[in-house]
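Here the structure is a predicted model, which is why all the values come from computation and not from measurement. For this chain, numbers begin at 1 and follow the sequence in order.
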Amino acid sequence: MTSSVPTRWNWRGFLRRYMIILMGLLLVGLLWNPFTAPSSTDEEKQPTLKVEHQVKGRDLHLQLDVNNFQFSVEQMDREKHYGQGHVHLYINGEKVAKIFDKEYVHKNLPPGTHEVKVELAHNNHDSYGVEETFTIEVKE
């Protein structure tokens, strides 16, 4: 006949094992996270804008070269989706157009000198802070 001696429960041993297991799980969680996407630099994500322009008669022709940016007329006035939106065109400080394509012609400018600003905008019209400003001369 075997005698079984009840073992006494030891709180210190239990807490020590519990802490070791908990720290191991935390370490694994820090080293491996399946929800972390591979990261790239901010420069790769930041939209860029390069504007080429010509004045033909009284019309301003714009050619927009954008990177990390997608024109989206369907999402205008909706919530922000980074890398998506449209372009605001300002002439002499006044917003005159929203642009949704890489080519745009603003027609019938009055003769004179004009300051032109072309700016990338989110769907909700907030600025990306990416813009180009230049001066044009429209002849009589």
Side-chain angles (χ1 to χ4, degrees):
M1 182 163 160
T2 43
S3 92
S4 70
V5 176
T7 57
R8 191 167 177 215
W9 194 9
N10 183 345
W11 276 103
R12 284 187 199 163
F14 171 77
L15 287 176
R16 187 177 303 132
R17 284 189 294 274
Y18 180 77
M19 291 302 292
I20 289 170
I21 291 169
L22 184 61
M23 291 186 58
L25 290 172
L26 286 172
L27 181 62
V28 167
L30 288 174
L31 296 176
W32 178 76
N33 184 349
F35 300 108
T36 303
S39 62
S40 57
T41 65
D42 287 339
E43 286 180 12
E44 291 173 328
K45 293 179 184 178
Q46 175 68 28
T48 61
L49 169 68
K50 182 180 176 195
V51 180
E52 293 183 25
H53 67 278
Q54 278 187 310
V55 176
K56 296 180 182 177
R58 293 180 60 188
D59 299 341
L60 171 62
H61 293 255
L62 298 174
Q63 181 71 39
L64 310 175
D65 182 19
V66 295
N67 289 309
N68 304 315
F69 185 81
Q70 179 182 16
F71 291 98
S72 178
V73 67
E74 301 84 13
Q75 296 298 318
M76 188 175 72
D77 295 326
R78 296 191 179 168
E79 68 182 58
K80 292 180 184 180
H81 290 286
Y82 196 79
Q84 187 181 89
H86 55 278
V87 170
H88 289 162
L89 174 63
Y90 296 85
I91 297 180
N92 300 324
E94 179 183 341
K95 188 184 338 180
V96 295
K98 296 176 194 92
I99 303 172
F100 298 94
D101 201 356
K102 291 184 176 191
E103 294 180 12
Y104 181 78
V105 178
H106 190 78
K107 296 184 178 272
N108 205 23
L109 285 164
T113 302
H114 303 284
E115 182 182 85
V116 178
K117 180 170 96 170
V118 180
E119 164 188 74
L120 293 183
H122 289 275
N123 296 329
N124 68 352
H125 305 283
D126 288 348
S127 175
Y128 275 91
V130 177
E131 62 185 51
E132 269 195 41
T133 302
F134 51 90
T135 302
I136 61 169
E137 181 71 33
V138 177
K139 308 270 187 209
E140 287 283 340

Contacts of type salt bridge (Lys or Arg N to Asp or Glu O under 4.0 Å), residue K95, not counting sequence neighbours: none

In one Ile/Leu/Val/Met/Phe/Trp/Tyr side-chain cluster, 4.5 Å: L49, F100: no

Hphob cluster co-occupancy, Y104 + I91, side-chain heavy atoms under 4.5 angstrom: yes

Residues, nucleotides or ligands: over 12 heavy atoms within 6.0 Å of R16 CZ: no

Q54 atom CD: more than 12 heavy-atom contacts under 6.0 Å: no

T113 side chain to E137 side chain, donor-acceptor N/O pair below 3.5 angstrom: yes

Closer than 3.5 angstrom, by distance alone: can the side chain of [X] be matched with the main-chain N or O of [Y] as a donor-acceptor pair?
{"X": "N123", "Y": "D77", "answer": "no"}
{"X": "N124", "Y": "K80", "answer": "no"}
{"X": "D59", "Y": "N108", "answer": "yes"}

Is the shortest heavy-atom distance from the side chain of [X] to the side chain of [Y] under 4.5 Å?
{"X": "L109", "Y": "I136", "value": "yes"}
{"X": "L120", "Y": "V87", "value": "yes"}
{"X": "H86", "Y": "H125", "value": "yes"}
{"X": "T133", "Y": "E115", "value": "yes"}

Geometric class of the Y82/H122 ring pair [parallel <30°, tilted 30-60°, perpendicular >60°]: tilted

Mutual orientation of the aromatic rings belonging to F69 and F71 [parallel < 30°, tilted 30-60°, perpendicular > 60°]: perpendicular

